[in-house]
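For reference, the structure is listed below as structure tokens.
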Amino acid sequence: MNNYLENLNEEQRKPVLHTEGPLMVIAGAGSGKTRVLTYKIIHLLKKGVSPFNILALTFTNKAAKEMKERISKLTNDNQAKSIWMGTFHSVFARILRSESELIGYPPNFTIYDSYDSEKLISNIIKEMNLNKDFYKAKGIKNRVSSLKNSFITPKNYFNQPELIESDKLANRIQFGEIYRNYVNRCFKSAVMDFDDLLLKTNQLLNSSPETLIKYQKIFKYILVDEYQDTNYSQYLIIKSLADRYQNLCVVGDDSQSIYSFRGANIDNILNFKKNYPECTTYKLEQNYRSSKNIVEGANSLIKKNKFKIDKNIWTLNDSGSKIILNRSQNDNDEGRFVASNIFEEKNNHQLNNGSFAVLYRTNAQSRSIEDALRKINIDYQVFGGLSFYQRKEIKDVTAYLRLVVNSNDEESFRRIVNFPPRGIGLKTLEKLLIISERENISMYDTINIIDKYPKLFNKGVMGRITDFRNLIESLKIESKTKNADYVLTNVINGSGIIDFYRNEGSVESINRIENIEELRSGINDFILEQKELADGDTSITRYLQDISLYSETDKSFSSDRVSLMTIHMAKGLEFNVVYVVGIEENLFPSILSLNCSEDLEEERRLFYVAMTRAKDKLILSHCDFRFKWGNIIECEPSRFIDEVDIEYIEKNNFKEEFKPTIDNNISRIRKLRKRGFVNVNKVDNNNSPIINIVVNDIVEHQRFGLGLVEKIEGDIQNKKATINFKIGGRKTILLKFAKLKIKKGT
DNA sequence: TTTTCAAGAATTTTT
DNA sequence: TTCTTGAAAA
């Protein structure tokens, strides 16, 4: 493998050969970015750099795994296994575990996913008795996350009047207090959330100069992929680690920056030159992936963005077929169109299902596509949405494991202390929380001292709590000597989870039992996999870390399934035929991005990412009507469609006139109703609500609001009702004039 | 303490 | 429409 450089073109070879000093590679979509990274690492290894001195940060765990495999194959040795390669989160989680004492954490700290964090925040809001209308857990969590990603701790927060002011204006004056509580509770629980993995790394590197120097010396060569989607925290980590040798190579494409909602800061890439004046910039502009129509169509769109690095993406590939623009009547039709089109393409071009992807803006859009594919028996795989590890039963089982590993973990404790139900209810938990605060210990540890509070608990409760502790303690002892699978088996048996679901006996419960079985086989795969690795780690702690950092993008592809996913998830992937569906105003671009030009530009970049996933064929699609929350709403084609130069587009399915089908009439009426043009009372003449009102119905009156029907009298034409309104009291109303809505029949 | 039922909210994107 | 939450009943 001496001629490895011959596998690169001229512009790819330059950054590969440039090993010393800072460099930035601006790599257009499909220009061989991964290839450059792979060969650059190979080149470093060939030059004699030890794999232990290379840090390569990728966007997904799967990307890391694949790159390692590729390197191993090309170098024909085992060195790749020893490279520090992975996502920011997983690499630094690993480092934090081995250095945890330096920042006051035990090495077996738990990692909370967003769901756990939100739950904890919502508990804190409840405990603080705050108004739920102003303090929504999700919003608070997002703000906490963005502060952490900007490296603003609670202490910094309280030192910045403008931050406090902005929360005051948003009616969240207590935000700082929540933030502080949240951070304290996490610390007390020996927990880090996703953002902590980066923030604590920075704290570690800042507070301990020896540690900083140690890792600077280890990471002589640093490579960062998808640099356009790094946030400030990540920027700081890289900056301090690369400070000694300055051998930093960042690769990215500003036109594909799509994660600002997660704190990604496009300025990191736009300002790289400013931060590293010595840096060399290379550009990869030749696209090898897509046909000319696709490349140029995408170029014509992204031109509309103001903030970007100048580049000219070109290709030698054939023109290929034009980009197809489909218009469907509604989302179900769109699904049917996609499904039948896949069917045709498959037959005409001998493609397997894995060559196709359907991309959309929001996860909820997958359903109509799924229905249509299922109907004509095309296998598909949905990426995203609720992942396996987020299922209730899986979260429950892993909560037991988490509690075994780290019994200070409050969320896991709360989650399973009474699941399956064992008579330890909310009241008991409240008491335990009070004790835990008074004694400054974790909720689990309060169990050991409840006999100090005999007045608070009756005998039954006391016994049940102790039983629970004994269960966890015996699992803890096992976990010290036995492997993860053994402990998991005893969690399942000891907790009674399986029995609980078996007793329920519903289809859903059986499904849950199967999922738990699947988890068990997953844990065995994990053990086998780790045993193969040089630095393999088969501990439960490691297993729990892996699954909490697991993402849906890490799921493996199947060549005989069509892939369905959001565009965000499709970053870095390519498919022969790509359908982008739901390209409508307010959906894509998202309605939330409309009043901010930066956000709108990001949506445009997202659309650019979607288009450039396609190799041979790109099909864009939009509908006239779409289901939302049980209503049909009218949709306009997205502005982005007009922004793609018309010469690359071929319109399809454009029937200017609809034949009104029954379906269509219903949708018109619903649409009009929604706009308030059709009075609900008049639509269904035959079974008008007026006639249907009976005693004890709760009705809503335009002026008086809600009321209870107490009496009905009179003949059909002059029916009168006596209604007791919450506001306004008892009234007798002539039904033929009143516009009443039935809210509830009792 | 647990179960049941009805009302209300919810949809951007994710490590 | 589906999921979550809260109150009432068992």
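What you see is a predicted model, and the numbers here were worked out from it, not measured in a lab. Residue numbering restarts at 1 for every chain, and letters A, B, ... go by the order of the sequence lines.
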What nucleic acid atoms does [X] come within less than 4.0 Å of, heavy atoms only: base, sugar-phosphate, or nothing?
X: A:Y259; value: sugar-phosphate
X: A:D113; value: nothing
X: A:S90; value: nothing
X: A:L592; value: base

- Query: Out of A:K148, A:K200, A:K119, which residue meets the salt bridge (Lys or Arg N to Asp or Glu O under 4.0 Å) rule with A:D193?
  - Reply: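 Among the candidates, only A:K148 passes.
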If I take atom [atom1] in residue [X] and atom [atom2] in nucleotide [N], what distance separates them, rounded to the nearest angstrom?
X: A:I591; N: B:dT13; atom1: CD1; atom2: P; result: 15 Å
X: A:N631; N: B:dA9; atom1: CG; atom2: C1'; result: 14 Å
X: A:D193; N: B:dT14; atom1: CG; atom2: P; result: 18 Å
X: A:F388; N: B:dT14; atom1: CZ; atom2: C1'; result: 20 Å

Closest to side chain of [X], choosing from [options]:
X: A:K138; options: B:dT11, B:dT15, B:dT14; answer: B:dT11
X: A:F261; options: B:dT15, B:dT14, B:dT11; answer: B:dT14
X: A:F194; options: B:dT11, B:dT15, B:dT13; answer: B:dT15
X: A:T566; options: B:dT3, B:dT15, B:dT14; answer: B:dT14
X: A:R367; options: B:dT2, C:dT1, B:dT13; answer: C:dT1
X: A:S114; options: B:dT13, B:dT1, B:dT15; answer: B:dT15

- Query: Just checking, is any N or O donor in the side chain of A:Y182 or A:S117 under 3.5 Å from an acceptor N or O on the other one?
  - Reply: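 Per modelled atom types, A:Y182 and A:S117 side chains form a pair under 3.5 Å.
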- Tell me yes or no: between the side chains of A:S90 and A:T87, is some donor less than 3.5 Å from an acceptor?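 Result is yes, a qualifying pair exists.
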- Centroid separation A:F59 to A:Y259 less than 6.0 Å: yes
- Item | Check: A:F151 ring centroid to A:Y232 ring centroid under 6.0 Å |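 Ring-ring flag for A:F151/A:Y232: false, centres at least 6.0 Å apart.
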Output yes when at least one side-chain N/O atom of [X] is less than 4.0 Å from OP1 or OP2 of [N], else no.
X: A:T553; N: B:dT15; result: yes
X: A:T87; N: B:dT15; result: no
X: A:N363; N: B:dT11; result: no
X: A:T428; N: B:dT1; result: yes
X: A:N418; N: B:dT2; result: yes

- Task: For the pair A:D229 and A:K571, find out whether any cationic side-chain nitrogen is under 4.0 Å from an anionic carboxylate oxygen.
- Result: yes
- Could you give the distance separating B:dT13 and C:dT4 at their P atoms, to the nearest angstrom?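 Comparing P positions in C:dT4 and B:dT13 gives a spacing of 15 Å.
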- Span that lies between the C1' atom of B:dT11 and that of C:dG6, in whole angstrom: 23 Å
- Message: If you assign A:P421 and A:Y550 each to the DNA chain B nucleotide with the nearest heavy atom, which residue ends up on the more 5' nucleotide?
- Response: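 Its nucleotide being nearer the 5' end, the pick is A:P421.
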- Query: Considering heavy-atom distances to DNA chain B, does A:V461 or A:D195 have its closest nucleotide positioned more toward the 5' end?
  - Reply: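 Result of the comparison: A:V461.
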